[in-house]
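Have a look at the structure below, then the notes.
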Amino acid sequence: MLLDPYPLWLDAVENILTKNRITVAGRTSDADRALRLCEELRPSILVAEPAGGGVTCIREASARVPALKAIALASSDDPAQVQAAFAAGAVAYVVKTAHSDDVGVAIRQAFSPSLFLPPLAPAPVNGAASADAHAAAAVLTKREREILQLVAEGHSNSQLARMLWVTEQTVKFHLSNIYRKLDVANRTEASRWAQIHGLLPGPSGVEPGVAAQA
């Protein structure tokens with residue numbers, strides 16, 4: 001289900017999803033109609049512009065269709081809007097300045113996170129730190145844990161993009177999710193948090209220029 005106030009964007013997003021072998025069941029520029037269509041058609045995915053009633057639509061649709069995965073595709077990267085979309089139930093937030101491939105990445109990540117890392121073996125920690133480590137391990141996807149490991153090893157965004165065969169925007173997308181989930185402000189804090197809480201396994205073994213299976 002697509003929701004965007006501008007028909008041109010509806011056309012563009014539908015083309016992107018079609019290329020990713022995703023069938024569009026319905027599309028509209030009206031948030032109330034999008035909600036009714038979600039209840040009627042029970043789609044697996046809602047791609048919605050958060051502005052103009054989109055946040056409310058995400059919240060209500062997520063409540064009425066529990067299996068629904070909502071992706072916010074937004075014109076703005078305003079932090080307040082980002083947080084509002086996630087609070088409403090969005091599983092990903094993609095800014096419209098991103099590469100078109102990133103929309104497909106967000107959807108694949110929502111339904112089937114990529115497997116790159118071996119199972120985590122957290123270092124022994126005690127008390128609240130142990131609880132925090134297990135909680136973070138549960139909320140981070142396997143792709144996010146891989147990127148966190150590579151960041152802790154000192155790789156730049158451009159290096160990560162080459163190593164994983166994705167765009168830098170995709171790397172930034174995953175990093176923003178990692179920062180939000182770990183409640184940290186930057187890559188240095190994220191790396192330090194992971195090291196302290198024993199979330200990092202051994203060397204990743206990802207070689208530059210070698211594509212991993214998504």
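Residue numbers run from 1 in the order of the sequence given.
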* **Asn177 side chain reached by Arg180 side chain, heavy atoms, under 4.5 Å** => yes

* To do: Kindly work out whether a path of hydrophobic side-chain contacts (I/L/V/M/F/W/Y, heavy atoms less than 4.5 Å apart) joins Ile45 to Phe173.
  => yes

* Asked: Going from OG1 on Thr23 to CD on Glu14, what distance comes out if it is rounded to the nearest 0.5 angstrom?
  -> 9.5 Å

* Asked: Got a second to check how far Leu3's CG is from Glu49's CD, nearest 0.5 Å?
  -> 8.0 Å

* To do: Take Leu160 and Val151 through the test side-chain contact (heavy atoms from CB on, under 4.5 Å) and record every step on the way to the result.
  => CA-CA 8 Å; Leu160 290 176; Val151 165; 3.7 Å; yes

* Asked: For Val65 and Met1, what are the C-alpha separation, side-chain angles and deciding distance, and is it a side-chain contact (heavy atoms from CB on, under 4.5 Å)?
  -> CA-CA 12 Å; Val65 186; Met1 177 60 56; over 6 Å; no

* Asked: Counting heavy atoms not belonging to Arg192, are there more than 12 under 6.0 Å from its CZ?
  -> no

* **Side-chain touch Leu17/Leu2, heavy atoms, less than 4.5 angstrom** => yes

* Which heavy-atom pair separates Leu68 from Ala61 by the least distance, and what is that distance? -> CD2-CB, 3.5 Å

* To do: Indicate yes or no: at least one non-hydrogen side-chain atom of Val95 is less than 4.5 angstrom from one of Lys172.
  => no

* Are any of the side-chain heavy atoms of Glu146 and Leu150 separated by less than 4.5 Å? -> yes

* Asked: Just wondering, do His155 and Leu164 contact through their side chains at under 4.5 Å, heavy atoms?
  -> no

* In plain terms, say whether Glu40 and Arg36 are close enough for a salt bridge, that is, a side-chain N and a carboxylate O under 4.0 Å apart. => no

* With sequence neighbours excluded, residues passing side chain to side chain contact (heavy atoms under 4.5 Å, CB included) with Glu189 -> Val184, Ala185, Asn186

* Are side-chain N/O atoms of Ser191 and Thr188 paired as donor and acceptor at under 3.5 Å? -> no

* Is any side-chain heavy atom of Val103 less than 4.5 Å from a side-chain heavy atom of Ile71? -> no

* Look up atom CD in Glu144 and atom CD in Gln149, then write down how far apart they are to the nearest 0.5 Å. => 14.0 Å

* Asked: For Asp11, what residues pass the side-chain hydrogen bond (donor to acceptor under 3.5 Å, both in side chains) criterion, not counting sequence neighbours?
  -> Arg27

* Asked: Does any non-hydrogen side-chain atom of Val13 lie less than 4.5 Å from one of Asp4?
  -> no

* Calculate, to the nearest 0.5 Å, the distance between atoms CD and CG belonging to Glu60 and Leu35 respectively. => 6.0 Å

* Should the heavy atoms of other residues, nucleotides or ligands under 6.0 Å from CG of Asp183 be counted, would the total exceed 12? -> no

* Asked: When you look at CZ of Arg33, are more than 12 heavy atoms from neighbouring residues, nucleotides or ligands closer to it than 6.0 Å?
  -> no

